[in-house]
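Scope of the values below: all heavy atoms of this structure, side chains included, with no hydrogens, waters or symmetry mates. Numbers restart at 1 for each chain; the letters A, B, ... are given by sequence-line order, proteins then strands.
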Amino acid sequence: MTNNGPPDGRRTDGRSFEVDIDDVLDDEDEDDGDGLFDDLLSGEPIFENKEVLRPSYTPHELPHRNEQINNMATILVAALRGETPSNILIYGKTGTGKTASAKFVSQELEKTSRKYDVPCEVEYINCEVTDTQYRVLAQLANKFIDQNRAYVDERVDELEDLHTAARDDRAALDDTEFDSPREVQNRIDSRLDDKEDMEEVPMTGWPTDRVYSTFFDAVDYVERVAVIMLDEIDKLVEKSGDDTLYNLSRMNSELDNSRVSIIGISNDLKFTDFLDPRVKSSLGEEEIVFPPYDANQLRDILQHRSDTAFKEGALSDDVLPLCAAFAAQEHGDARRALDLLRTAGELAERDQADTVDEEHVRHAQDKIELDRVVEVVRTLPTQSKLVLYAIMTLEKHGVHNINTGEVYNIYKRLCDEIDADVLTQRRVTDLISELDMLGIVNAVVVSKGRYGRTKEINLSVPIEETETVLQADSRLGDIENVTPFVQARFDGDGKD
DNA sequence: CCTCCACAGGAAGCAGGGGTTA
DNA sequence: TAACCCCTGCTTCCTGTGGAGG
């Protein structure tokens, strides 16, 4: 829905766009250089440690999130007392520090649990990647199975020690539950049998209920509190309903040894609307909201990281405030702010500049958006590319507010041309909606009264760059010239 | 006020490709 | 091997609908 690309496809410095596009198309993996980049290294380096600006980096201090973190800790501390913590739902838009905070808290929790020897584990699952009930359960089951195996190994080691000790001297059994070395041996055998039975769940193939019971048994094998963290939980619900959550949330009543507690992390404030009321109330026992950062807070965060990320004095004064301001417009997205700062730094580095300045930040803002679009378009499946190509072609011929029928006609023509399968209009409608969600086109349903109800589609990315990327696809490269067809179709149509 | 256009978008179900178990 | 299972991308069939023109 948000697609504030560069204000206009035409730039004063057309060159920089070409360069950037080629970059993006080439670099499958643009990680740090080796040999080729000696030239660049010779300049005064700007970065001290770039890693801390990457999204994957988890800081050990999260400014302006103390309240939320303490909140979580207060709830989760129950786990350390061996009680079941309430389930938690965490809300907040992207880049508001939800995941980072949750991960931070769970690390602390596990650390403390080890210190006091309380059995407590946190499992993290990203539901955008693991997006079906089967996969969530399978992944959880396998994690717990791994742990159980390790647990069995430890116990067996202990028991074996005990066994040898007891053979020398029966007194070694005095304080234990065993009466004879034989019993110890039996226990060892039964543990090993257990381990034998712990079968990993395959990626696919099993019936779901079997995966569930495997997972159930795995959790219940040891006495413990299991905290299950489901990131992007709204994606899971959207794609495969609330069965998973229902199963997870009612597990506690059937578990004998262990307890589970769920932390759900969601971008969408309203996603609980789709849930079964029972799931909704159990999952939302506690709710924590992460509000967007404002520009000042963003500046703090950037300041914090830039101290370690950059060389002393590599940033001119207005850089941080500007990054913060840009990102604040984008619903206070800290990830975006850091991205901006890093990219600005990289651009400065490329220019062999000594300092990062305002211009680099502005340039970075454009580059990030373009890179994103190019990457999204490049990795589109062929059919979506064809649909996009159709839209783009129409747009190029001055047709605006394109409707689905028009797109479909051109699309059919294109498929013909390159000998691809022609999908139904129903399917193409869906593909258009997907493009809309990716922010590549803008599609609004409008009613034109007598003349029906349709989508009005507009391209919301620069035409030329899109075309370049589309034509880089080997299958679309040899599309001849569709112009005559388009013109024939819209001749004298008055759409201009 | 009613009609009827040109689709939107839900539901169901299929193919066929990933895998499993017996 | 056959008989299952699950997932994705797709088709078929369908009902719903805002408003210009009658």
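Nearest to the side-chain atoms of A/Arg427 among the listed nucleotides C/dG9, C/dC7, B/dC7 stands C/dG9. Set against C/dT8, C/dC10, B/dC7, the side chain of A/Thr404 has B/dC7 as its closest nucleotide. Among the nucleotides B/dG19, C/dG19, B/dA8, the one closest to any side-chain atom of A/Ser447 is C/dG19. In the set B/dA8, C/dC7, C/dG21, C/dG21 carries the atom at the smallest distance from any side-chain atom of A/Tyr451. Across B/dG9, B/dT21, B/dC4, the shortest atom-to-atom separation from the side chain of A/Arg210 is found for B/dT21. The listed nucleotides are C/dT11, C/dG18, C/dC5; the one nearest the side chain of A/Arg453 is C/dG18. If you check C/dT8, C/dC6, B/dC7 against the side chain of A/Thr454, the one that comes closest is B/dC7. Residue A/Val445 has its side chain nearest to B/dA8 when only B/dA8, B/dC5, B/dT21 are considered. Taking the side chain of A/Leu423 as heavy atoms from C-beta on, and the options B/dG18, C/dT11, B/dT21, the nearest nucleotide is C/dT11. Residue A/Pro202 places its side chain closer to B/dT20 than to any other of B/dT20, C/dT12, B/dC7.
Contact check on A/Glu346 versus A/Arg342 returns a salt bridge, with a Lys/Arg side-chain nitrogen under 4.0 Å from an Asp/Glu carboxylate oxygen. A/Asp231 has no carboxylate O lying under 4.0 Å from a charged side-chain N of A/Lys98, or vice versa, which leaves the two without a salt bridge. Between A/Asp473 and A/Arg475, no side-chain nitrogen of the basic residue sits less than 4.0 Å from a carboxylate oxygen of the acidic one, so the salt-bridge criterion is not met. With salt bridges taken as basic N to acidic carboxylate O contacts below 4.0 Å, one links A/Glu375 and A/Arg378.
Across A/Ile402 and A/Val407, no two heavy atoms sit closer than the pair CG2-CG2, 3.5 Å.
Going from atom CG of A/Asp209 over to atom P of B/dT21 covers 14 Å, rounded to whole Å. Rounding to whole angstrom units, CD of residue A/Gln425 and C1' of C/dT11 are separated by 13 Å. Note: CD1 (A/Ile432) to P (B/dG9) measures 11 Å, nearest angstrom. The interatomic distance linking A/Glu456 (CD) with B/dC7 (P) rounds to 12 Å, in whole Å. Look at CG on A/Asp421: it is 20 Å from P on C/dT8, rounded to the nearest Å. With rounding to whole Å, A/Asp430 atom CG is found 14 Å from C/dT12 atom P. Protein atom CG of A/Asn409 is 13 Å distant from nucleotide atom C1' of B/dC7, rounded to whole Å. Nucleotide B/dT20 holds its C1' atom 9 Å from the CH2 atom of A/Trp206, rounded to whole Å.
Side-chain N/O atoms of A/Thr429 include one lying less than 4.0 angstrom from OP1 or OP2 on B/dA8. Between B/dA6 and A/Asn403, no contact under 4.0 Å exists linking OP1 or OP2 to a side-chain N or O. In terms of phosphate contacts, A/Arg135 brings no side-chain nitrogen or oxygen within less than 4.0 Å of OP1 or OP2 of B/dG18. The side chain of A/Thr208 places an N or O atom within less than 4.0 Å of a non-bridging phosphate oxygen (OP1 or OP2) of C/dC6. When the side-chain nitrogen and oxygen atoms of A/Lys448 are compared with OP1 and OP2 of B/dC7, none of them lie within a distance under 4.0 Å.
Residue A/Val444 is out of contact with every strand shown, counting any heavy-atom pair closer than 4.0 Å. When heavy atoms are screened at a 4.0 angstrom cut-off, A/Glu434 is found touching no nucleic acid atom at all.
With hydrogens and angles disregarded, a donor-acceptor distance shorter than 3.5 Å links the side chain of A/Asn87 to the backbone of A/Ser282.
When the shell of 6.0 Å around CD of A/Glu200 is examined, it contains more than 12 heavy atoms from other residues, nucleotides or ligands.
When each of A/Gly449 and A/Lys455 is assigned the nucleotide of DNA chain B with its nearest heavy atom, A/Gly449 is the one assigned upstream, toward the 5' end.
The base of B/dG10 sits within donor-acceptor range of the side chain of A/Arg426, with an N or O pair under 3.5 Å.
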